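Atoms within a ligand are numbered from 1 in the order they appear, just like the ligands themselves. Given the structure is predicted, the values throughout are model-derived calculations rather than measurements.
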Amino acid sequence: MHTLVFATNNQHKVDEIQSLVGNDFHIIPLKEAGIDIDIPEPHDNLQDNAAEKARTIYQLTQNNCFSEDTGLEIDFLHGAPGVKSARYAGEDRNFQANIDKVLVELISTENRSAQFRTIVCLIWENKEYYFEGICKGSISKVMHGAKGFGYDPIFIPDGASKSFAEMNMEEKNVYSHRQKAVTQLFSFLKAL
Ligand code: ITT
(Lines give C-alpha, C1' and ligand atoms only; values in the text may rest on other atoms or scores of the structure.)
Protein backbone atom coordinates (compact mmCIF):
# COMPACT_ATOMS: atom_id res chain seq x y z
CA MET A 1 0.00 0.00 0.00
CA HIS A 2 1.25 3.51 -0.85
CA THR A 3 1.04 6.33 1.66
CA LEU A 4 0.39 9.95 0.74
CA VAL A 5 0.25 13.01 2.98
CA PHE A 6 -2.97 15.00 2.61
CA ALA A 7 -2.46 18.66 3.60
CA THR A 8 -5.73 19.07 5.48
CA ASN A 9 -7.12 19.44 8.97
CA ASN A 10 -10.61 18.46 7.84
CA GLN A 11 -11.29 14.85 8.91
CA HIS A 12 -14.51 14.69 6.84
CA LYS A 13 -12.47 15.19 3.66
CA VAL A 14 -10.03 12.48 4.76
CA ASP A 15 -12.83 9.97 5.44
CA GLU A 16 -14.52 10.64 2.09
CA ILE A 17 -11.28 10.22 0.16
CA GLN A 18 -10.08 7.17 2.10
CA SER A 19 -13.41 5.45 1.46
CA LEU A 20 -12.92 6.09 -2.26
CA VAL A 21 -9.38 4.77 -2.60
CA GLY A 22 -9.84 1.71 -0.40
CA ASN A 23 -6.65 -0.26 0.22
CA ASP A 24 -4.61 1.12 -2.67
CA PHE A 25 -3.41 4.19 -0.76
CA HIS A 26 -3.22 5.20 2.89
CA ILE A 27 -4.09 8.89 3.21
CA ILE A 28 -2.25 10.62 6.06
CA PRO A 29 -3.79 13.88 7.29
CA LEU A 30 -1.62 16.54 8.96
CA LYS A 31 -2.51 15.47 12.49
CA GLU A 32 -1.42 11.88 11.81
CA ALA A 33 1.78 13.18 10.21
CA GLY A 34 2.51 15.03 13.47
CA ILE A 35 2.05 18.47 11.87
CA ASP A 36 0.00 20.92 13.89
CA ILE A 37 -0.51 24.02 11.77
CA ASP A 38 -3.44 25.90 10.34
CA ILE A 39 -2.24 26.74 6.84
CA PRO A 40 -3.40 30.20 5.72
CA GLU A 41 -5.74 30.42 2.72
CA PRO A 42 -5.09 34.05 1.70
CA HIS A 43 -5.88 33.91 -2.02
CA ASP A 44 -9.00 34.88 -3.95
CA ASN A 45 -9.26 31.63 -5.88
CA LEU A 46 -9.38 27.90 -5.10
CA GLN A 47 -6.33 26.93 -7.15
CA ASP A 48 -3.95 29.32 -5.38
CA ASN A 49 -5.24 28.28 -1.95
CA ALA A 50 -4.83 24.60 -2.82
CA ALA A 51 -1.28 25.34 -4.00
CA GLU A 52 -0.51 27.26 -0.80
CA LYS A 53 -1.52 24.28 1.35
CA ALA A 54 0.42 21.68 -0.66
CA ARG A 55 3.54 23.86 -1.03
CA THR A 56 3.61 24.62 2.70
CA ILE A 57 3.59 20.92 3.59
CA TYR A 58 6.00 19.91 0.82
CA GLN A 59 8.52 22.52 1.99
CA LEU A 60 8.11 21.42 5.58
CA THR A 61 8.35 17.65 5.05
CA GLN A 62 9.89 17.11 1.57
CA ASN A 63 7.23 14.40 1.21
CA ASN A 64 5.04 14.05 -1.86
CA CYS A 65 1.64 15.35 -0.82
CA PHE A 66 -1.67 16.73 -2.01
CA SER A 67 -4.21 19.27 -0.85
CA GLU A 68 -7.61 20.42 -1.96
CA ASP A 69 -9.65 23.59 -1.74
CA THR A 70 -13.40 23.51 -2.22
CA GLY A 71 -16.05 26.19 -2.63
CA LEU A 72 -19.83 26.33 -2.93
CA GLU A 73 -20.67 28.59 -5.89
CA ILE A 74 -24.25 29.88 -5.98
CA ASP A 75 -25.55 31.40 -9.24
CA PHE A 76 -27.88 33.97 -7.62
CA LEU A 77 -24.96 35.18 -5.45
CA HIS A 78 -22.63 35.49 -8.49
CA GLY A 79 -20.47 32.58 -7.31
CA ALA A 80 -20.43 33.36 -3.56
CA PRO A 81 -19.58 32.05 -1.03
CA GLY A 82 -16.96 30.43 -3.35
CA VAL A 83 -13.45 30.70 -2.04
CA LYS A 84 -14.85 32.17 1.21
CA SER A 85 -17.06 29.14 1.91
CA ALA A 86 -15.42 28.18 5.22
CA ARG A 87 -15.65 31.68 6.73
CA TYR A 88 -18.76 33.03 4.97
CA ALA A 89 -20.51 34.12 8.17
CA GLY A 90 -17.35 34.93 10.14
CA GLU A 91 -13.88 33.91 11.18
CA ASP A 92 -15.10 31.18 13.55
CA ARG A 93 -15.95 28.94 10.52
CA ASN A 94 -19.35 27.94 11.91
CA PHE A 95 -21.22 25.52 9.58
CA GLN A 96 -24.67 26.47 10.92
CA ALA A 97 -24.06 30.23 10.69
CA ASN A 98 -22.80 29.81 7.11
CA ILE A 99 -25.93 27.87 6.13
CA ASP A 100 -28.23 30.40 7.81
CA LYS A 101 -26.55 33.23 5.92
CA VAL A 102 -27.00 31.48 2.56
CA LEU A 103 -30.66 30.65 3.26
CA VAL A 104 -31.44 34.27 4.18
CA GLU A 105 -29.69 35.57 1.07
CA LEU A 106 -31.74 33.23 -1.15
CA ILE A 107 -35.06 33.77 0.64
CA SER A 108 -36.62 35.87 -2.13
CA THR A 109 -35.54 33.82 -5.16
CA GLU A 110 -36.53 30.62 -6.92
CA ASN A 111 -33.11 30.54 -8.62
CA ARG A 112 -31.46 27.93 -6.39
CA SER A 113 -28.79 26.68 -8.83
CA ALA A 114 -25.34 26.09 -7.38
CA GLN A 115 -22.26 23.92 -7.69
CA PHE A 116 -19.49 22.62 -5.50
CA ARG A 117 -16.06 22.93 -7.07
CA THR A 118 -12.91 21.22 -5.80
CA ILE A 119 -9.37 21.87 -6.93
CA VAL A 120 -6.79 19.27 -5.94
CA CYS A 121 -3.10 20.20 -5.98
CA LEU A 122 -0.60 17.33 -6.04
CA ILE A 123 3.10 17.90 -5.49
CA TRP A 124 4.95 14.86 -6.75
CA GLU A 125 8.75 14.92 -6.89
CA ASN A 126 8.77 18.71 -6.85
CA LYS A 127 6.29 19.11 -9.71
CA GLU A 128 2.75 20.44 -9.31
CA TYR A 129 -0.36 18.90 -10.86
CA TYR A 130 -3.97 20.10 -10.63
CA PHE A 131 -7.30 18.27 -10.89
CA GLU A 132 -10.81 19.74 -10.82
CA GLY A 133 -14.15 18.24 -9.84
CA ILE A 134 -17.55 19.92 -10.14
CA CYS A 135 -20.92 18.80 -8.78
CA LYS A 136 -23.94 20.77 -10.00
CA GLY A 137 -27.11 20.95 -7.95
CA SER A 138 -29.45 23.23 -6.06
CA ILE A 139 -29.86 24.84 -2.66
CA SER A 140 -32.91 23.63 -0.72
CA LYS A 141 -35.18 26.04 1.17
CA VAL A 142 -34.63 24.32 4.53
CA MET A 143 -32.04 21.94 5.92
CA HIS A 144 -32.38 18.18 5.31
CA GLY A 145 -30.34 15.50 7.08
CA ALA A 146 -27.52 15.48 9.61
CA LYS A 147 -24.70 13.55 7.94
CA GLY A 148 -21.61 15.02 6.28
CA PHE A 149 -20.36 18.53 6.99
CA GLY A 150 -20.43 22.16 5.88
CA TYR A 151 -23.24 22.98 3.46
CA ASP A 152 -24.29 19.33 2.96
CA PRO A 153 -27.76 19.80 4.60
CA ILE A 154 -28.81 22.38 1.97
CA PHE A 155 -27.20 20.96 -1.18
CA ILE A 156 -29.14 18.58 -3.44
CA PRO A 157 -27.01 17.28 -6.32
CA ASP A 158 -28.61 17.11 -9.77
CA GLY A 159 -30.07 13.64 -10.36
CA ALA A 160 -30.67 13.01 -6.64
CA SER A 161 -33.81 13.50 -4.58
CA LYS A 162 -32.10 14.11 -1.27
CA SER A 163 -29.41 16.34 0.18
CA PHE A 164 -25.78 15.32 0.70
CA ALA A 165 -26.51 15.29 4.46
CA GLU A 166 -29.16 12.58 3.92
CA MET A 167 -26.64 10.34 2.10
CA ASN A 168 -24.02 8.05 3.54
CA MET A 169 -20.45 8.59 2.35
CA GLU A 170 -20.67 6.03 -0.45
CA GLU A 171 -23.81 7.69 -1.86
CA LYS A 172 -22.28 11.17 -1.61
CA ASN A 173 -19.21 9.86 -3.44
CA VAL A 174 -21.37 8.88 -6.43
CA TYR A 175 -22.12 12.56 -7.11
CA SER A 176 -19.50 14.61 -5.35
CA HIS A 177 -17.07 17.24 -6.59
CA ARG A 178 -14.38 15.76 -4.33
CA GLN A 179 -14.81 12.25 -5.77
CA LYS A 180 -14.51 13.62 -9.33
CA ALA A 181 -11.27 15.51 -8.59
CA VAL A 182 -9.74 12.74 -6.49
CA THR A 183 -10.58 9.99 -9.00
CA GLN A 184 -8.45 11.87 -11.54
CA LEU A 185 -5.67 12.28 -8.96
CA PHE A 186 -5.50 8.55 -8.18
CA SER A 187 -5.75 7.50 -11.85
CA PHE A 188 -2.77 9.78 -12.46
CA LEU A 189 -0.82 8.28 -9.55
CA LYS A 190 -1.58 4.72 -10.60
CA ALA A 191 -0.33 5.48 -14.12
CA LEU A 192 3.04 6.76 -12.86
P1 ITT B 1 -8.62 22.26 4.88
O2 ITT B 1 -8.33 23.62 4.30
O3 ITT B 1 -7.84 21.95 6.13
O4 ITT B 1 -8.52 21.16 3.85
P5 ITT B 1 -11.27 23.33 5.27
O6 ITT B 1 -12.50 22.83 5.98
O7 ITT B 1 -10.72 24.67 5.67
O8 ITT B 1 -10.16 22.21 5.37
P9 ITT B 1 -11.81 24.39 2.65
O10 ITT B 1 -10.92 25.57 2.82
O11 ITT B 1 -11.77 23.67 1.34
O12 ITT B 1 -11.55 23.28 3.74
O13 ITT B 1 -13.25 24.83 3.10
C14 ITT B 1 -14.29 25.07 2.35
C15 ITT B 1 -15.57 25.03 3.15
O16 ITT B 1 -16.55 24.66 2.20
C17 ITT B 1 -15.67 23.99 4.28
O18 ITT B 1 -15.32 24.50 5.52
C19 ITT B 1 -17.14 23.63 4.24
O20 ITT B 1 -17.90 24.59 4.92
C21 ITT B 1 -17.44 23.75 2.76
N22 ITT B 1 -17.31 22.45 2.08
C23 ITT B 1 -16.21 21.95 1.45
N24 ITT B 1 -16.48 20.74 0.96
C25 ITT B 1 -17.77 20.46 1.27
C26 ITT B 1 -18.62 19.36 1.06
O27 ITT B 1 -18.21 18.27 0.42
N28 ITT B 1 -19.86 19.44 1.53
C29 ITT B 1 -20.29 20.52 2.19
N30 ITT B 1 -19.56 21.60 2.44
C31 ITT B 1 -18.30 21.58 1.99
Chemist: State, to 0.1 Å, how close Ile156 and Ala160 come at their nearest heavy-atom pair, and which atoms those are.
Modeler: CG2-O, 3.7 Å
Chemist: Just jot down the ligand 1 atoms closer than 4.0 angstrom to any heavy atom of Lys172, in number order.
Modeler: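 Answer for ligand 1: 26 (C), 27 (O), 28 (N).
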Chemist: Identify, for atom 5 (P) of ligand 1, the protein heavy atom at the shortest distance, and state residue, atom and that distance.
Modeler: Arg93 NH2, 3.5 Å
Chemist: Per the side-chain hydrogen bond (donor to acceptor under 3.5 Å, both in side chains) rule, which among Gln184, Arg117, Lys180 passes with Glu132?
Modeler: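 For Glu132, the side-chain hydrogen bond (donor to acceptor under 3.5 Å, both in side chains) test succeeds with only one of Gln184, Arg117, Lys180, which is Arg117.
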Chemist: Could a heavy atom of Lys53 be found less than 4.0 Å from some atom of ligand 1?
Modeler: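 It does, in that a heavy atom of Lys53 comes within the 4.0 Å cut-off of ligand 1.
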Chemist: Tell me the protein heavy atom at minimum distance from atom 10 (O) of ligand 1, and give that distance in Å.
Modeler: Glu41 OE1, 2.7 Å
Chemist: Measure the distance from atom 6 (O) of ligand 1 to every protein heavy atom, then report the residue, atom name and distance (to 0.1 Å) of the closest one.
Modeler: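 For this ligand atom, the closest protein heavy atom is Asn10 ND2, 3.0 Å.
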Chemist: Looking only at protein heavy atoms, which one is nearest to atom 14 (C) of ligand 1, and how far off is it?
Modeler: Thr70 O, 3.2 Å
Chemist: Tell me, please: is Phe164 in heavy-atom contact with ligand 1, that is, under 4.0 Å?
Modeler: no
Chemist: Between Glu73 and Lys136, does at least one N-O distance fall below 4.0 Å, as a salt bridge requires?
Modeler: no
Chemist: What protein heavy atom sits nearest atom 18 (O) of ligand 1, and how far off is it?
Modeler: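 Nearest neighbour among protein heavy atoms for atom 18 (O) of ligand 1, to 0.1 Å: Ala86 CB, 3.5 Å.
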Chemist: Mind checking whether Ser85 has an N or O less than 3.5 Å away from an N or O of ligand 1?
Modeler: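 Not met; the criterion fails.
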Chemist: State whether the number of non-hydrogen atoms from other residues, nucleotides or ligands found under 6.0 Å of His2 atom NE2 is greater than 12.
Modeler: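 Counting neighbours around NE2 of His2, 12 or fewer heavy atoms of other residues, nucleotides or ligands fall under 6.0 Å, so no.
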Chemist: Looking only at protein heavy atoms, which one is nearest to atom 12 (O) of ligand 1, and how far off is it?
Modeler: Lys13 NZ, 2.8 Å
Chemist: Counting N and O atoms only, with roles assigned by atom type, does the side chain of Asn173 sit under 3.5 Å from a partner on the main chain of Gln179, one being a donor and the other an acceptor?
Modeler: no
Chemist: For Phe66 and Phe6, take the angle between the two ring planes, folded into 0 to 90°, and tell me which bin it lands in: parallel under 30, tilted 30 to 60, perpendicular over 60.
Modeler: parallel
Chemist: To the nearest 0.5 Å, how far apart are CG in Asn9 and CD1 in Ile37?
Modeler: 8.0 Å
Chemist: Is there any N or O on Asp152 that sits under 3.5 Å from an N or O of ligand 1?
Modeler: yes
Chemist: Looking at Phe95, which atoms of ligand 1 are within less than 4.0 Å of one of its heavy atoms?
Modeler: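 By the 4.0 Å cutoff, the relevant atoms are 18 (O), 20 (O).
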Chemist: Would you mind listing which atoms of ligand 1 come within a distance below 4.0 Å of any non-hydrogen atom of Asp69?
Modeler: 9 (P), 10 (O), 11 (O)
Chemist: Students often mix this up, so state it plainly: with edges at 30° and 60°, are the rings of Phe164 and Tyr175 parallel, tilted or perpendicular?
Modeler: tilted
Chemist: Just wondering, are more than 12 heavy atoms of other shown residues or ligands nearer than 6.0 Å to CD in Gln62?
Modeler: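 Yes, because the 6.0 Å sphere around CD of Gln62 holds more than 12 heavy atoms from other groups.
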Chemist: Using a 4.0 Å heavy-atom cut-off, which part of Phe149 comes near ligand 1: side chain, backbone, both, or neither?
Modeler: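 Looking at Phe149 and ligand 1, atoms from backbone and side chain both fall under 4.0 Å.
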Chemist: Among all the protein's non-hydrogen atoms, which is closest to atom 1 (P) of ligand 1, and how far away is it?
Modeler: Thr8 OG1, 3.4 Å
Chemist: Strictly by modelled atom types, are Glu105 and Tyr88 linked by a side-chain donor-acceptor pair under 3.5 Å?
Modeler: yes
Chemist: Could you see which bit of His12 sits under 4.0 Å from ligand 1, with heavy atoms only: side chain, backbone, both or neither?
Modeler: neither
Chemist: Tell me which protein heavy atom sits closest to atom 24 (N) of ligand 1, plus the residue, atom name and distance to 0.1 Å.
Modeler: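 Of every protein heavy atom, Arg178 NH2, 2.8 Å lies nearest to atom 24 (N) of ligand 1.
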Chemist: I want to know if ligand 1 touches Asn98 in the polar sense, i.e. an N/O pair below 3.5 angstrom.
Modeler: no
